[in-house]
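Scroll down for the structure; my scribbles are underneath it.
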Amino acid sequence: MELLLPDFDLICYTPGKPLLYRTVAKAYQIQTACYPGSADDLFPSLYIPNVIYIDRFSVINDFFQQRERIQKYLDKNKVYSEPCRFCFYYQDYRYPLDIPQADLLISQNAGDVSQTMKSCLRPGGILLLAEGGENIRSVFRDPDYELLGTIRFYDQVHAAIEPGLQPPEYFFPSDGSFPNGIPMERNFCFRKIRETQ
């Protein structure tokens, strides 16, 4: 099924992101996710039935006020049979939130999500972590997480999770092209191996 992009005023499509979420959701049978610092990235909801989005910027709050349009887009493009459920919290994720633990915690360069939001990830749950920022250093030092693998993009429709920490040059087609022609940072999958102390 070809992905139809939303026609919303704000959304910024990042090539490769839908494939990233599809790969992780399928590999780990993800049913619930928490996405702190989500901006307008709705694409996890295409592959995961229940997603909590959190962002502190008013323009993102305005975007999520288009609930009916967003729901219609997600219902039309989702790949699972369950109802699509999402909610948005207009706040800084560093302040307390009363939300259930999720199967997946998404950290895409929004600060130290892996530490601040660790209690929102269930034991055995997956942390999807982009390469940039200080966050990655803290995760590699954290005994509560174990590295499972690095996302490899083969082309615009195929990606896989390669075991362990792999070098950047290994993750893109040998002809130098990237999914949809735009490079993405490396992304890593970690498992939370125990409840936060």
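A quick note: this is a predicted structure, and the numbers were derived from the prediction, not measured. By convention here, the first residue in the shown sequence is residue 1.
Judged by distance alone, the side chains of Tyr90 and Ser58 never bring a donor and an acceptor atom under 3.5 Å apart.
The shortest side-chain heavy-atom distance between Arg137 and Arg141 falls under the 4.5 Å cut-off. The side-chain heavy atoms of Leu20 and Arg22, taken from C-beta on, include no pair separated by under 4.5 Å. Between Thr32 and Ile48 there is no side-chain heavy-atom pair separated by less than 4.5 Å. The shortest side-chain heavy-atom distance between Tyr73 and Asn77 falls under the 4.5 Å cut-off. At least one side-chain heavy atom of Phe86 sits under 4.5 Å from a side-chain heavy atom of Phe64. Residues Gln115 and Ser138 meet the side-chain proximity criterion, which asks for heavy atoms closer than 4.5 Å. Annotation: side chain of Arg194 is in contact with side chain of Pro143 (closest heavy-atom distance under 4.5 Å). Contact of the Phe188 side chain with the Ile136 side chain is registered, since non-hydrogen atoms from C-beta on lie closer than 4.5 Å.
Tyr93 and Asp112 get closest at one heavy-atom pair: OH-N, 3.3 Å. In plain terms, the two heavy atoms of Cys34 and Ile54 that are nearest each other are SG-CD1, 3.8 Å. Arg191 approaches Gly124 most closely through the heavy-atom pair NE-O, 3.5 Å. Scanning all heavy atoms of the two residues, the minimum distance from Thr150 to Leu165 falls at OG1-CA, 3.6 Å. Minimum heavy-atom separation, Ile60 to Asp40: CD1-N, 3.9 Å. Across all non-hydrogen atoms, the minimal contact from Pro49 to Ile30 is CD-O, 4.0 Å.
In this structure, Tyr80 has its ring center no closer than 6.0 Å to that of Tyr47. Between Phe140 and Tyr145, the ring center distance fails the sub-6.0 Å criterion.
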- Would you please test Tyr28 and Asp103 for side chain to side chain donor-acceptor pair (under 3.5 Å) and show each step? CA-CA 9 Å; Tyr28 301 110; Asp103 299 330; over 6 Å; no
List the steps, then state whether side chain to side chain donor-acceptor pair (under 3.5 Å) holds for Asp41 with Tyr21.
-> CA-CA 11 Å; Asp41 183 3; Tyr21 301 130; 2.5 Å; yes
Stepwise side-chain contact (heavy atoms from CB on, under 4.5 Å) check, Met117 with Leu97 = CA-CA 9 Å; Met117 298 294 291; Leu97 275 166; 4.3 Å; yes
For this session: For Gln101 and Cys120, run side-chain contact (heavy atoms from CB on, under 4.5 Å): C-alpha distance rounded to whole Å, both residues' side-chain angles, the deciding distance at 0.1 Å, then the answer.
Result: CA-CA 4 Å; Gln101 288 188 317; Cys120 296; 5.6 Å; no
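With hydrogens and angles disregarded, no donor-acceptor distance shorter than 3.5 Å links the side chain of Gln71 to the backbone of Asp75.
One finds a salt bridge joining Asp142 and Lys118 here, because a Lys/Arg side-chain nitrogen approaches an Asp/Glu carboxylate oxygen to under 4.0 Å. Using a 4.0 Å cut-off between charged side-chain N and carboxylate O, Lys192 and Asp144 make no salt bridge.
The neighbour count for Arg67 CZ, taken as heavy atoms of other residues, nucleotides or ligands under 6.0 Å away, is above 12. More than 12 non-hydrogen atoms from other residues, nucleotides or ligands lie less than 6.0 angstrom from CD of Glu82.
When hydrophobic clusters are built by joining Ile, Leu, Val, Met, Phe, Trp and Tyr residues whose side-chain heavy atoms come closer than 4.5 Å, directly or via intermediates, Leu128 is grouped together with Val79. When the side chains of ILVMFWY residues are joined at heavy-atom separations under 4.5 Å, either directly or via intervening members, Tyr53 and Val59 end up in a single hydrophobic cluster. No continuous path of hydrophobic side-chain contacts links Val113 to Ile193 [ILVMFWY only; heavy atoms under 4.5 Å].
Only one option out of Ile52, Asp55, Leu105, Asp92 pairs with Pro36 in a side chain to side chain contact (heavy atoms under 4.5 Å, CB included); it is Leu105. Here the options are Gln108, Lys17, Arg152, the test is side-chain hydrogen bond (donor to acceptor under 3.5 Å, both in side chains), and the partner is Asn187; only Gln108 passes.
Rounded to the nearest 0.5 angstrom, Ser107 OG and Leu129 CG are separated by 5.0 Å.
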